[in-house]
Amino acid sequence: MSETLIALFEGWGFTKVPEQITYLSDFGALAFSIWETIYAPALATLFAYIIGLPLGIILVIGEPGGVRPLPKPLMSFLNTVVNLLRSVPFLILMVMVFPLSRLILGTSVGTAATIVPLTVAAAPYVARLVEISLREMDRGVIEAAQAMGCSAWQIVTKVMLPECRPSLINGATNAAITILGYGAMAGAIGGGGLGSIALMRGHGRGQKIVLYAAVIILVILVQVIQSIGTAWSVKSDRRINPTQSKRRT
Amino acid sequence: MSEPIIQIQHLSKLFGGGEDAVRALEDINLDIQQGEIFGIIGLSGAGKSTLVRCMNLLERPTEGRVLVDGQSLTDLSDKELREARRKITMIFQGFNLLMQRTCLKNVCFPMEISKVPAEQARKRAMELLELVGLGDKAQAYPAQLSGGQKQRVAIARALATNPKVLLCDEATSALDPTTTISILNLLKDLNQSLGVTVVVITHQMSVIEEICSRVAILDGGSVAEMGDVQEIFSNPTTDAARRLVYPGGVTPAQFPTGGHVIRISFNGGTAYDPLIASLAIDCGVKVNILGADTRNVGGKAIGTMLLGLPENRNDAAKALNYIRAQKNITVEEVPDYHE
Ligand SMILES: Nc1ncnc2c1ncn2[C@@H]1O[C@H](COP(=O)(O)OP(=O)(O)OP(=O)(O)O)[C@@H](O)[C@H]1O
Ligand SMILES: [Mg+2]
């Protein structure tokens with residue numbers, strides 16, 4: 001009984017605490033991993049929004065009865081693409097996208113190369129998030145805008161996006177956190193970052209403490225992103241927070 | 001008489017197609033004159049909203065023509081239609097303000113759309129807010145306003161492009177009687193001071209009686225009766241009209257014979273319970289409530305009631321005089337349908 005317990009603790013690295021702590025002395029490597037963990041998903045989130053935001057808007061306004069109905073076949077095509085991309089597990093998608101990474105960046109390994117699969121995986125997700133936010137929009141308000149003579153473009157830019165801003169910010173927070181998680185996963189197959197060192201050093205070389213450190217840092221990152229996102233969303237929502245930041249003149 | 005501002009000719013609207021198509025409107029013909037306040041009343045599902053939405057082509061008619069200010073809306077290109085819509089603005093039951101913009105920015109919105117320079121738009125928006133009595137709320141957000149105030153902002157917004165017609169779809173249905181009266185008075189004032197034609201859609205008789213000069217009664221997608229409010233209300237000739245004019249679903253056949261029936265409208269004065277009670281106490285006359293469609297909020301009543309007066313001529317006259325003396329109550333005698 002006690003032997004199995006000791007084996008368990010050994011597996012968790014608790015039996016060699018002083019030795020484990022020395023693994024953290026390589027502070028620079030850890031800091032660099034944090035940087036990699038942040039910048040690749042951050043860029044991927046940006047690119048995912050460049051593709052996913054317009055796509056999400058089209059999914060809403062293009063449907064029959066929408067602000068700017070589009071041909072049915074086109075809408076079905078877009079929906080199918082989004083669904084297909086979303087149903088492929090991320091790790092498999094990443095391997096499938098390797099050739100594309102090589103084409104765009106000249107390589108399929110390294111942190112920068114993960115930006116391509118991250119973007120491909122996240123863009124349809126972002127499109128759905130944007131779609132969900134925009135669907136919350138009160139139809140009456142859109143109708144009022146149409147009655148005032150707004151064009152479809154004006155309704156999107158002056159009504160839908162500003163009115164859904166708090167919800168869009170929540171969606172973006174959600175997207176950033178999910179992409180951060182994907183990014184950590186990408187570390188497993190050739191990416192860099194905390195996911196990579198957690199696996200290679202923490203799991204592979206028995207430096208358990210590195211694994212824990214990586215997990216703790218990821219948890220903190222997620223917390224920070226979520227707090228900032230929620231606070232920003234609430235602060236910008238004039239239905240709950242009517243105080244206006246005074247412009248200095 | 002000059003050309004009507006709105007002409008609706010042989011308008012029909014079908015929703016859906018094939019077997020389950022819903023015929024919401026059927027061969028509607030009506031003219032609305034420049035500068036009048038025109039009411040459209042009907043029960044739920046009669047097609048009122050569909051009709052008013054055809055007037056600015058939010059809904060495209062299946063057949064027929066809609067002419068606004070001499071312009072046939074169905075023949076316009078998308079761009080021309082957007083231009084034309086600035087002349088026929090609309091307010092709604094749900095206000096439909098932009099919740100993330102201040103009141104001032106809400107009123108600026110239609111001017112922003114039509115590319116009015118920002119400074120000029122701001123100035124006009126301020127004037128309009130003053131006009132509807134909300135000058136002090138310019139920097140407030142809609143979430144901070146009461147329903148009546150929101151509707152005032154919506155009215156200011158609707159006036160921003162100097163429209164010729166203001167369409168009001170159940171604009172007071174979400175408001176309490178006192179606020180309803182104040183919004184109706186505002187519409188009346190604006191109609192007089194700016195000359196804007198107002199089209200009022202409602203299911204409440206009292207709203208029509210309060211501000212409209214002419215009314216169309218919509219029933220099952222067609223116009224059952226149309227004409228002067230006074231005429232129609234004092235002598236409704238169709239069943240649809242009677243159903244609306246005589247509240248509570250009473251039909252003239254149910255009126256007591258021999259007795260004298262009157263219809264009274266409460267326009268936000270005293271509540272109706274005390275009236276009936278004080279009739280009994282002060283005059284010693286007991287009246288019979290045949291039907292009522294009144295709302296009693298905060299001690300104020302709005303709506304109509306059908307009363308059967310006693311057969312005794314003296315008592316009936318006494319009761320009638322007593323009711324006539326009340327403030328904010330109008331009385332009409334109902335013709336005897338038994339003859
Ligand atoms: N978009 C639509 N699709 C299908 N049917 C519709 C649509 N809009 C309205 N209808 C139908 O048309 C008829 C008239 O509806 P409309 O909304 O004009 O009635 P209304 O008089 O405004 O009623 P209410 O007082 O309840 O607002 C109803 O039978 C309704 O079901
Ligand atoms: Mg309606």
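Letters go in sequence order (proteins before strands), and every chain restarts at 1. Please read all numbers here as calculations on a predicted model, not as lab measurements.
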### Task
Side chain from CB out, backbone as N, CA, C, O: work out which of these in A:Gln154 comes under 4.5 Å of a heavy atom of chain B, or both, or neither.
side chain

### Query
Measuring heavy-atom distances to chain B, does A:Arg139 have an atom under 4.5 Å in its side chain, in its backbone, in both, or in neither?
neither

### Query
Does B:Asp31 use its side chain to pair, donor to acceptor, with the backbone of B:Pro4 at less than 3.5 Å?
no

#### Entry: Flag for B:Asn191-B:Glu36: side-chain donor and acceptor within less than 3.5 Å
no

### Query
In terms of heavy-atom proximity below 4.5 Å to chain A, should B:Leu81 be classed as side chain, backbone, both, or neither?
neither

### Task
Indicate whether any N or O donor in one side chain lies under 3.5 Å from an N or O acceptor in the other, for B:Thr172 and B:Thr180.
no

### Task
Let me know if A:Ser151 has heavy atoms under 4.5 Å from chain B in its side chain, its backbone, both or neither.
both

### Interface moiety of B:Ile88 toward chain A, non-hydrogen atoms closer than 4.5 Å
backbone

### Message
Heavy-atom cut-off 4.5 Å, strictly under: side chain, backbone, both or neither for B:Leu98 against chain A?
### Response
both

### Task
Go through the side-chain N and O atoms of A:Asn241 and B:Tyr141 and say whether any donor and acceptor fall under 3.5 Å apart.
no

### Task
Give a yes/no verdict on a cation-pi contact between B:Lys13 and B:Phe15, requiring under 6.0 Å between NZ or CZ and the six-membered ring centre and an angle within 45° of the axis.
yes

### Task
Verify the distance criterion only: is there a donor paired with an acceptor across the side chains of A:Asn83 and A:Arg128 at less than 3.5 Å?
yes

### Summary
Whatever's closer than 4.5 Å to a heavy atom in chain A on B:Phe109 counts as side chain

### Interface residue of largest heavy-atom contact number with chain B, from A:Pro162, A:Cys150, A:Pro166, under 4.5 Å
A:Cys150

